[in-house]
Amino acid sequence: MERVRRVLLMGEGNFSFAASLCGAEGTHVVATCYESEEEVSGCGGAAENIQRLRERGAEVMFSVDCTKLKDYFLPGKREFDCIHFNFPHCGRKAGVVKNRELLAHFFHSSAEVLSEEGEVHVALCNGQGGTPADQPRREWHNSWQIVAVAAGAGFILSNVHPFKAETIHGYKCTGYRSQDKSFCVEGALNHIFTRSMPLSYFKPMICEIELENRKVSFQVPQVLVDKINRGFLEPNSNHPVWTLKEKLTAQLRQAFPLQNIESCLSLLHQGQLDGVCHSNIFRIILNPEETPSTEEMSNGLANAVSFHHVDFCRDADKNGWVNVQQECHISKQYYLRPSLLPYAQAVIRRGAFLPEALYVISGLVFRKCFITPYSMPVFHEMVFVSAINRGTEKSYIQMLVSNIKTSIHSLHQTVSSFKLSMNLQEAMSFETTELNDFAAFESQLSKIQYLICVETDTSDSHDKGSCVGVIRTAHYDLVSSELVVVFASLNLDLLAMLICGICDWRMLWTSDNRFLHQFPRGELRLFKSFSLYPPSYVHDVSFWLPDGEQFDEVAFHTIARQVSCEMVTSIQLIDSFQQSETGRRSFCYRMTFQSCDKALSRQVVAEMQLLFRKEINRHLRVTVR
């Protein structure tokens, strides 16, 4: 038997809206109003509508306070699939502040009687909501700020559409200034809210892996706890990054003798990366005092080594953070792999390769970076490597890129109608400041010959496009000195974003099932956000730098990522000052907080900001002003 859909209507005036809904098959209506039955019966048409509702099996309730809904329903009757509140108002000449408070209490109350996947519909007059959907749009301070108010109760705006009163049979709006008078609903909007996933405050995670034929463990950097073991590239995945990888591989297999390297790649890499700035990598340090003794190893008592995460390239304190006053005393240094290039190089060096074959390696890589919409501390990299005859590398690269372009265009045409073009550009045509974080880091690893760039029809006319891949060549002591090695690297996450219209990299990592439900296995589609017009909050922080120490801005951004659970979308230096007498320097940064998939309230952001101020004082030794 099909489950009956339960609908709760709040603040009915003459019950004409309820009467229009009542009678729909599979729907049970509970219509309520704030006034008593005696008071509401005087409204035009109310008595007839109430009688019609009762005849059709609907429940009609009076004197119901929308801010205390659970008081009116027994626990077994609180699971409503939809709650409607059309044109809420405190009454008479109440201003925007009072009406915001009404909405805030209503949303909190609704959360207690709404089913897990239920919806809350709130219709507002034109301009009241304060979202870009309002035309014209009021100034934020003069609106009801409905999205921010709903966020305080854990709701996100998932849809908004015109409220067309003329299409609702028998509907008559009433209640202007608490009177039996109609009001203008032209341009009114219906806002549809759904529950948000709760903000995730992850506990420290210990990761156990096998390294150098031994089982070892290490503490995962806090900013990566929710990303390090998601399995997006596993065979049973339907994540768009996996689909993109499979489609690219299938396309290239038609043009090249392709070999997919599926061997398990270690998350940790030992040694130094020449030219790579230490502040851009996640370092993992082996504690010497926890290294098993020879006797323990011979007795088989020790089968794991404990690692501790170091965020800022110095010793970590008991919480895994940095103590800048200590010196590093370590026996071995490891770091989370920032690139798959060393593994591709290893394929060539071990000699068991076939000339002309195209080897493919895919996996997660980890890089500390500044906070921008397209800067990712973790992403899926796809590396191609091939050894070819010297002198043919340019034509080979052109052929490789051409096949990648053909595959990308084929995928994109099935997804969207907007223009997307991919081109190969010489790296020397770019200034360092023009490179995005992906390309800039790649240039630290080794010299880049070419950049693979993607442009859309929304790109700036002066923009050279987003770099999604790089190509480099190298010479090794191979079987034949006539061979040259070609390496190509693609950022699969960036490509998936551009193809599927995903404007925020964080959405790729959301735990909300509404993301993956939009991507049937093996298909790429244009993404439709389930959180519209998320509120943003701006906070400034200013501080004095410690005397004689270099300020690590990447570490500053990394702390912001951690304490905000990736809710900081922008950090901008807006002022700097140096005292002429003492030489002390002061910076002032503006931080913007915004979530792409979760409800984020003003109160939560204020708490994050306070924690951030404490953490930068503690770990970067700055003096907050």
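The structure displayed is predicted, hence computed values, not measured ones.
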Quiz item: From L244 CG over to L524 CG, what is the distance, rounded to the nearest 0.5 angstrom?
Solution: 6.5 Å
Self-check item: R54/E37 under salt bridge (charged side-chain N to carboxylate O under 4.0 Å, His left out): CA gap, chis, key distance, verdict
Solution: CA-CA 14 Å; R54 286 171 171 163; E37 185 169 5; 3.5 Å; yes
Exercise. Please answer whether the main-chain N or O of Q135 pairs with a side-chain N or O of N126 as donor and acceptor at a distance below 3.5 Å.
Key: yes
Quiz item: Does D134 use its side chain to pair, donor to acceptor, with the backbone of T131 at less than 3.5 Å?
Solution: yes
Quiz item: Any side-chain heavy atom of V563 sitting closer than 4.5 Å to one from M608?
Solution: no
Self-check item: Contact list for residues 104-116, test salt bridge (charged side-chain N to carboxylate O under 4.0 Å, His left out), sequence neighbours left out
Solution: K70-E112
Exercise. Dump the intermediate steps for side-chain hydrogen bond (donor to acceptor under 3.5 Å, both in side chains) on S36 and E39, then the final yes or no.
Key: CA-CA 5 Å; S36 66; E39 290 174 312; 3.2 Å; yes
Quiz item: Do the non-hydrogen side-chain atoms of T623 and F543 ever get within less than 4.5 Å of each other?
Solution: no
Practice problem: Run the numbers on I83 and S110 for side chain to side chain contact (heavy atoms under 4.5 Å, CB included), then give the verdict. | Solution: CA-CA 8 Å; I83 300 175; S110 296; 3.9 Å; yes
Quiz item: Run the side chain to side chain contact (heavy atoms under 4.5 Å, CB included) check on I571 and E553 step by step: do they pass?
Solution: CA-CA 10 Å; I571 297 182; E553 195 170 14; 5.7 Å; no
Practice problem: Indicate yes or no: at least one non-hydrogen side-chain atom of T558 is less than 4.5 angstrom from one of P377. | Solution: no
Quiz item: Below 4.0 angstrom, N of the basic side chain to O of the carboxylate: do R6 and D81 qualify?
Solution: no
Quiz prompt | Trace of the side chain to side chain contact (heavy atoms under 4.5 Å, CB included) decision for F370 with V554 | solution = CA-CA 6 Å; F370 293 116; V554 175; 3.8 Å; yes
Practice problem: Measure the CD1-CG distance between I559 and L611 for me, rounded to the nearest 0.5 Å. | Solution: 10.0 Å
Practice problem: For the pair K172 and E48, find out whether any cationic side-chain nitrogen is under 4.0 Å from an anionic carboxylate oxygen. | Solution: no
Quiz item: If you look at every heavy atom in V147 and F193, which pair is closest and at what distance?
Solution: CA-CE2, 4.3 Å
Exercise. Could you tell me if the ring centre of F530 sits under 6.0 Å from that of F515?
Key: no
Quiz item: Counting distance only, does the side-chain N/O of R230 pair as donor-acceptor with the main-chain N or O of W509 below 3.5 Å?
Solution: yes
Practice problem: Sorted by first residue and then second, give each salt bridge (charged side-chain N to carboxylate O under 4.0 Å, His left out) pair with at least one member in residues 503-527; sequence neighbours left out. | Solution: D504-R506, D512-R514, E523-R525
Practice problem: Look at the rings of F17 and H84 and say which category their plane angle falls in: under 30° parallel, 30 to 60° tilted, over 60° perpendicular. | Solution: tilted
Quiz prompt | Shortest non-hydrogen separation from E35 to F62 and the atoms involved | solution = O-CB, 3.5 Å
Self-check item: R561 side chain reached by Q222 side chain, heavy atoms, under 4.5 Å
Solution: no
Self-check item: Validation row: V160, Y533 side chains within 4.5 angstrom (heavy atoms)
Solution: yes
Quiz prompt | Partner of L526 by side-chain contact (heavy atoms from CB on, under 4.5 Å), out of I502, V415, I499, T414 | solution = V415
Practice problem: Indicate, with yes or no, if the rings of F556 and F587 have centres closer together than 6.0 Å. | Solution: no
Exercise. Can you measure from CG (D493) to CG (L498) and round to the nearest 0.5 angstrom?
Key: 11.0 Å
Quiz item: Is the CG atom of N229 crowded by more than 12 outside heavy atoms at less than 6.0 Å?
Solution: no
Quiz item: Taking the six-membered ring for Trp, is the centroid-to-centroid distance between F163 and Y171 below 6.0 Å?
Solution: yes
Quiz item: Under 6.0 Å between ring centres, would you say that holds for F366 and F282?
Solution: no
Quiz prompt | Heavy-atom side-chain contact between M591 and F612 under 4.5 Å | solution = yes
Quiz prompt | Heavy-atom closest contact (C90 atom, L102 atom, distance) | solution = SG-CB, 3.7 Å
Exercise. With rounding to the nearest 0.5 Å, note down the distance linking CG in N99 to OG in S143.
Key: 11.5 Å
Quiz item: Ignoring hydrogens and geometry, is there a side-chain-to-backbone donor-acceptor pair from R56 to C22 under 3.5 Å?
Solution: yes
Quiz item: Take atom NE2 in H169; do more than 12 heavy atoms of anything else shown fall under 6.0 Å from it?
Solution: no
Self-check item: Backbone N/O of T592 and side chain of T569: donor-acceptor pair under 3.5 Å
Solution: yes
Self-check item: pair F85-H191: side-chain heavy atoms closer than 4.5 Å
Solution: no
Quiz item: Has the side chain of N617 got a donor or acceptor atom that lies under 3.5 Å from a matching backbone atom of V624?
Solution: no
Quiz item: If you look only at pairs with a residue in residues 150-171, which of them pass as a salt bridge (charged side-chain N to carboxylate O under 4.0 Å, His left out), with sequence neighbours excluded?
Solution: none
Quiz item: Does any N or O in the side chain of Q145 come within less than 3.5 Å of the main-chain N or O of N142, such that one atom is a donor and the other an acceptor?
Solution: no
Practice problem: Output the distance between atom SG (C82) and atom CG (L21), rounded to the nearest 0.5 Å. | Solution: 8.5 Å
Self-check item: Nearest atoms (heavy-atom pairs only) where F106 meets M10
Solution: CE1-CG, 4.0 Å
Quiz item: Can you name the nearest heavy-atom pair linking A555 to L620, along with the distance?
Solution: CB-CD2, 4.0 Å
Quiz item: Which heavy atom in A151 sits nearest to a heavy atom in P535, and how many Å separate them?
Solution: CB-CG, 4.5 Å
Quiz item: Are Y537 and L600 close enough, and set up right, to give a side chain to side chain contact (heavy atoms under 4.5 Å, CB included), and what steps lead you there?
Solution: CA-CA 9 Å; Y537 311 92; L600 186 63; 4.3 Å; yes
Quiz item: Do side-chain atoms of R613 reach the backbone of R625 as a donor and acceptor pair under 3.5 angstrom?
Solution: yes
Quiz item: Taking the six-membered ring for Trp, are F551 and Y589 parallel (under 30°), tilted (30 to 60°) or perpendicular (over 60°)?
Solution: tilted
Exercise. Please check if the side chain of S109 supplies one atom and the backbone of C66 the other of a donor-acceptor pair under 3.5 Å.
Key: yes
Exercise. Using the six-membered ring wherever Trp is involved, compare the ring planes of H239 and H380 and label them parallel, tilted or perpendicular (cut-offs 30° and 60°).
Key: tilted
Quiz item: How many angstroms lie between atom NZ of K528 and atom CG of N159, to the nearest 0.5 angstrom?
Solution: 5.0 Å
Quiz item: With side chains defined as the heavy atoms from C-beta onward, is the minimum distance between F155 and R195 less than 4.5 Å?
Solution: yes
Exercise. Count the heavy atoms belonging to other residues, nucleotides or ligands that lie under 6.0 Å from OH of Y34, then report whether that count exceeds 12.
Key: no
Quiz item: Would a distance-only check, ignoring hydrogens and angles, find a side-chain to backbone donor-acceptor pair under 3.5 Å from Q128 to R138?
Solution: no
